[in-house]
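Just so you know, these numbers use all the heavy atoms, side chains as well, and skip hydrogens, waters and symmetry mates. All values reported here derive from a predicted model rather than from experimental measurement.
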Amino acid sequence: MPIYAYRCSQCGHEQDVLRKISDPLLKTCPACGQDTYEKQVTAAGFRLKGSGWYETDFRGGSKSAPKPAEASGGAPASPTPASSGTPPASTPS
């Protein structure tokens, strides 16, 4: 069940209420008894992290995420040695 934030516009009483989606809206303020109790618009209480369709498919524009070297403003922290394509020779023991 979702939690809704309510606020009375008359006395300023605020309360978070656990209600079913199908329940009717509350109208009467429990503090002052006036019919000025209103449901507030609140931000979602979670954030999707990591990579996924929401991060990659619906990102605005054609901008890509900055690379680690670009983000730090310098060269990569641990450069990788260039590979010659042949494995190192093993020495006999």
Side-chain angles (χ1 to χ4, degrees):
M1 282 195 286
I3 299 173
Y4 296 104
Y6 279 86
R7 183 176 188 279
C8 178
S9 59
Q10 183 69 30
C11 69
H13 175 74
E14 294 180 349
Q15 183 178 6
D16 292 338
V17 183
L18 182 67
R19 310 265 302 165
K20 291 181 182 179
I21 293 175
S22 60
D23 287 345
L25 296 175
L26 299 175
K27 295 288 183 187
T28 305
C29 176
C32 68
Q34 298 292 319
D35 286 336
T36 55
Y37 215 39
E38 298 173 347
K39 186 168 75 167
Q40 302 294 297
V41 176
T42 57
F46 69 95
R47 179 169 183 253
L48 302 173
K49 289 188 171 185
S51 61
W53 64 267
Y54 53 87
E55 183 74 22
T56 56
D57 292 347
F58 296 106
R59 175 177 271 161
S62 62
K63 297 179 182 176
S64 62
K67 296 178 183 174
E70 293 173 356
S72 63
S78 58
T80 56
S83 174
S84 63
T86 58
S90 60
T91 56
S93 332

What are the two closest heavy atoms between [X] and [Y], and how far apart are they?
X	Y	result
Cys8	Thr36	SG-OG1, 3.1 Å
Tyr6	Lys39	CD2-N, 3.7 Å
Leu18	Met1	CD1-O, 3.3 Å
Tyr4	Lys20	CE1-O, 4.4 Å
Glu38	Gln40	O-NE2, 3.4 Å
Pro30	Tyr37	CD-CZ, 3.6 Å

key: Other residues, nucleotides, ligands: >12 heavy atoms within 6.0 Å of Ile3 CD1   =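 Incorrect, the count does not exceed 12.
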
query = Is it the case that more than 12 heavy atoms not belonging to Ile21 sit under 6.0 Å from its CD1 atom?
reply =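 Not buried by this count: 12 neighbours or fewer within 6.0 Å.
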
ask   = Any side-chain heavy atom of Cys32 sitting closer than 4.5 Å to one from His13?
value =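 The answer is no; the side chains never approach within 4.5 Å.
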
request  = Show the numbers, then the answer: is there a side-chain contact (heavy atoms from CB on, under 4.5 Å) between Gln15 and Leu26?
outcome  = CA-CA 11 Å; Gln15 183 178 6; Leu26 299 175; over 6 Å; no

message = How long is the straight-line distance from CZ of Arg7 back to CG of Asp16, given to the nearest 0.5 Å?
response =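 The CZ atom of Arg7 is 13.0 Å from CG of Asp16, to the nearest 0.5 Å.
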
